[in-house]
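The structure presented is a predicted model; accordingly, all values stated were derived computationally and were not measured. One-based numbering along the sequence shown.
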Amino acid sequence: MSGTSEGPATTATAATRAAQPTGAPPQTVTAPQSVTERNSPTASGHPAPQKQPQPPPPPPPPPPPPPSEGHRTDAELRDYRAAFNAAHLALAVVDREGLVSRANDALGALVGTPAHELTGQVAADLVDLASDARTWHTYREVLRGRQARLRCTRRLKHPEGHSLWAQVTVSPMPDSGGVLLAVADVSARRELQARLRHVTMHDPVTRLPNRTLFFERLAAALEAAAYEESGTGRIGLCYLDLDGFKAVNDTLGHRTGDRLLAAVAERLTRCADRVAYGRSGAPLVARLGGDEFALLVEDSTGTDQVADLAEQVLHALQRPFDLSGQRLSLSASIGVVERRAAGTGATALMQAADTTLYWAKEDGKARWTLFDPERNAHRMTRQALSSTLRPAVDRDEFALEYQPLVGLADGALRGVEALVRWHHPQFGTLPPNRFIALAEEDGSIVQLGRWVLRTACRQARRWQLERPDLPPVFVSVNVAVRQVWDSDLVADVAQILDETGLAPGLLQLELTESAVMGSAGRPLQALQELSDMGVHIAIDDFGTGYSNLAYLSRLPVSVLKLDGSFVRGFQYETGDGRGHANPADETIVEALVQLAHKLGLTVTAECVETAEQAARLRRIGCDTGQGWLYSRAVAPDRIAALRAGA
């Protein structure tokens with residue numbers, strides 16, 4: 001016997017021999033050829049016959065499904081029940097009727113009842129699933145097999161008296177017809193979340209609610225007040241800022257500043273506790289940031305209630321603070337807003353409070369100010385004007401009117417004052433006192449002033465060219481002190497005079513008394529250069545500012561324009577209804593006129609409204625007059641008619 005195993009050819013030969021009868025001639029059995037042999041010619045030279053390929057074997061059958069509970073072995077069932085009972089997670093099997101079939105010891109410990117006594121009890125009652133309609137409906141749908149799972153959080157009362165937070169999960173159990181109830185005690189997690197929320201929602205320095213919590217409470221209060229009928233439907237807010245707190249931080253350090261903020265918070269809290277209002281309790285005291293605090297009054301009964309709280313806060317903060325031997329005095333400015341909650345948003349309420357706080361500081365600090373809709377409308381209008389002021393010049397929304405300056409001696413037209421008007425697309429035609437101050441604040445006065453100067457000079461030159469046979473009239477243009485500081489006024493004037501062809505002697509620039517009297521350095525140099533150029537410099541509203549007569553002699557001024565209050569004082573009403581001259585005002589004006597003449601200056605009286613005033617000014621030697629007696633500010637074509645004597 002060979003040591004090699006018998007191959008397929010040997011086995012087939014042996015089987016054939018065994019099948020032959022005795023004495024029969026031996027048959028030759030050819031073994032299957034290899035692939036090489038089949039593809040090679042035989043010894044006789046003929047190719048071997050090709051064999052048909054065999055089909056692939058069929059795939060193995062899928063494994064049988066896991067046996068159902070009825071087909072599980074007793075050992076498996078014992079293991080499952082042991083795991084169910086030993087699980088640390090509270091579990092219960094609930095049938096389709098909502099009754100407990102089995103419960104483990106963990107659930108019994110959680111609800112304070114032995115596990116075997118839970119069998120047959122209503123599962124929903126154990127974990128309070130019927131307390132709200134939405135959860136109850138979802139639970140019933142899970143029992144009926146119409147919903148995959150229910151998960152909710154419930155606060156449960158233990159028979160021993162303490163409460164716990166539980167996360168309840170109800171999910172179907174395949175092949176059993178019931179559902180599995182799982183209850184996890186999440187009290188520790190909820191407590192940690194509450195601590196983290198408290199840290200997130202409170203200021204670490206003062207322990208007060210911070211800005212985030214304040215706005216959360218404000219939004220909730222506005223919603224509740226708007227939709228609940230049990231309260232007043234109103235809300236109040238005191239928004240306060242500590243006056244001069246920055247100086248405390250800068251001089252005594254931030255540690256002292258933080259201690260002061262904590263002491264302020266304590267006093268504010270005491271004030272709120274003393275004035276607890278109605279069902280909402282004490283007002284919410286919050287630190288919004290820096291030295292800003294807010295007191296939110298829910299269900300306020302009116303403005304007086306919130307104003308009284310603001311008054312108490314002011315008095316509480318005015319008492320000195322004793323910080324480890326350091327006595328610090330402090331005051332606060334408070335903006336007070338009280339209104340109906342319906343239709344009020346948190347943003348609008350805070351904007352109103354912030355605006356009112358700004359008014360309190362603007363009015364002198366250490367006070368509370370009540371929100372005034374009319375004052376706020378004026379502020380909004382002012383803001384709207386300020387935002388559209390610069391583009392208005394490019395849109396040609398401005399126009400000039402001219403008021404005559406008349407010689408008092410002969411009544412002849414000597415010159416005109418250019419007065420700018422703003423034809424606003426929303427607010428109509430606005431006089432200069434509505435927007436000049438705004439232009440000075442934001443710097444647009446430079447652009448506007450340059451336009452006024454160029455337009456007035458061009459118009460004065462046009463009048464001159466239209467009637468060269470008449471004496472030319474000069475044009476007087478108001479100049480703000482910021483124009484002197486922020487632009488090269490001398491270069492602007494020289495360029496405009498060159499462009500228009502107007503003689504320098506026919507241009508007069510008016511500056512207020514306070515601006516001229518306080519001039520030094522660059523402004524004074526500019527005025528001197530303009531005067532040397534031949535331009536006249538006039539002091540407007542003289543007598544209402546510094547009135548530094550000694551300084552006046554050193555200024556390059558050629559004209560004084562007396563303030564209208566002096567001229568109006570020439571006449572006052574008595575009991576008989578007639579007007580009489582005020583000798584004091586007349587004496588002052590006469591002295592000013594004589595002084596100006598001795599200094600080589602001419603004098604113009606403003607606000608001349610009656611012939612009697614003009615006559616008295618003429619007698620004391622005043623040079624020119626300006627006022628409604630002669631004309632209001634009019635369009636350029638009317639000035640042309642006045643020049644022609646029409």
Side-chain angles (χ1 to χ4, degrees), residues 54-193:
Q54 298 295 323
S68 63
E69 187 174 352
H71 296 86
R72 286 175 180 147
T73 64
D74 292 341
E76 288 178 322
L77 293 177
R78 284 195 302 271
D79 290 342
Y80 289 143
R81 291 193 180 99
F84 177 85
N85 293 325
H88 293 291
L89 180 65
L91 299 172
V93 177
V94 182
D95 62 21
R96 293 296 185 184
E97 302 300 321
L99 302 179
V100 176
S101 300
R102 282 194 307 274
N104 66 359
D105 293 336
L107 180 61
L110 190 69
V111 300
T113 303
H116 66 275
E117 296 183 10
L118 296 177
T119 303
Q121 293 194 26
V122 179
D125 294 342
L126 297 177
V127 288
D128 193 27
L129 294 181
S131 59
D132 68 85
R134 183 176 180 181
T135 301
W136 174 249
H137 173 74
T138 305
Y139 172 63
R140 299 297 300 172
E141 291 295 295
V142 174
L143 286 180
R144 296 184 181 116
R146 299 174 183 171
Q147 190 152 329
R149 187 174 65 171
L150 164 68
R151 174 173 290 178
C152 61
T153 303
R154 285 289 178 268
R155 189 172 187 178
L156 306 180
K157 187 75 173 180
H158 196 275
E160 295 180 358
H162 66 273
S163 298
L164 60 93
W165 286 97
Q167 185 179 79
V168 180
T169 304
V170 182
S171 53
M173 295 177 57
D175 303 324
S176 70
V179 297
L180 180 65
L181 172 69
V183 186
D185 185 353
V186 294
S187 301
R189 187 173 69 190
R190 294 276 299 203
E191 182 180 354
L192 176 60
Q193 290 174 344

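Within 6.0 Å of CZ in Arg149 there are 12 or fewer heavy atoms belonging to other residues, nucleotides or ligands. Around the CZ atom of Arg134, the shell of radius 6.0 Å holds no more than 12 heavy atoms that belong to other residues, nucleotides or ligands. Environment of NE2 in His88: sparse, with no more than 12 heavy atoms of neighbouring residues, nucleotides or ligands closer than 6.0 Å.
Between Glu141 and Arg144 the shortest side-chain heavy-atom distance falls below 4.5 Å. By the 4.5 Å heavy-atom criterion applied to side chains, Leu192 and Arg189 are not counted as neighbours.
For the atom pair CD of Glu76 and CZ of Arg81, the computed distance is 12.0 Å after rounding to the nearest 0.5 Å. Within the model, atoms NE2 of His158 and CG of Leu164 stand 7.0 Å from one another, a figure rounded to the nearest 0.5 Å. Rounding to the nearest 0.5 Å gives a distance of 9.0 Å between OG1 of Thr119 and CZ of Arg102. Considering CG of Leu118 and CG of Leu99, their distance stands at 12.5 Å, rounded to 0.5 Å. In this structure, CG in Leu181 is found 8.0 Å from CG in Leu91, a value given to the nearest 0.5 Å. Taking CG of Leu129 as the start and SG of Cys152 as the end, the distance is 5.5 Å to the nearest 0.5 Å.
Contact record, Ala106 with Ala87: CB-O, 3.6 Å, taken as the closest heavy-atom pair. Looking at every heavy atom in both residues, Leu89 comes nearest to Ala182 through CD2-CB, 4.0 Å. Here the shortest heavy-atom pairing between Phe84 and Leu180 reads CE1-CD1, 4.4 Å. Scanning all heavy atoms of the two residues, the minimum distance from Ala123 to Val94 falls at CB-CG2, 3.7 Å.
The backbone N or O of Leu143 sits less than 3.5 Å from a side-chain atom of Arg96, completing a donor-acceptor pair.
By the 4.0 Å N-to-carboxylate-O rule, Arg154 lies close enough to Asp132 to be salt-bridged with it.
The aromatic rings of Tyr139 and Trp136 sit tilted, their planes meeting at an angle between 30° and 60°.
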**OP:** In sequence, state the C-alpha distance, the side-chain angles, and the governing distance for Leu150 and Val168, and then conclude on side chain to side chain contact (heavy atoms under 4.5 Å, CB included).
**Re:** CA-CA 8 Å; Leu150 164 68; Val168 180; 5.7 Å; no
**OP:** Start with the C-alpha distance between Arg151 and Val170, add both sets of side-chain angles, then the distance that settles side chain to side chain contact (heavy atoms under 4.5 Å, CB included), and finish with yes or no.
**Re:** CA-CA 7 Å; Arg151 174 173 290 178; Val170 182; over 6 Å; no
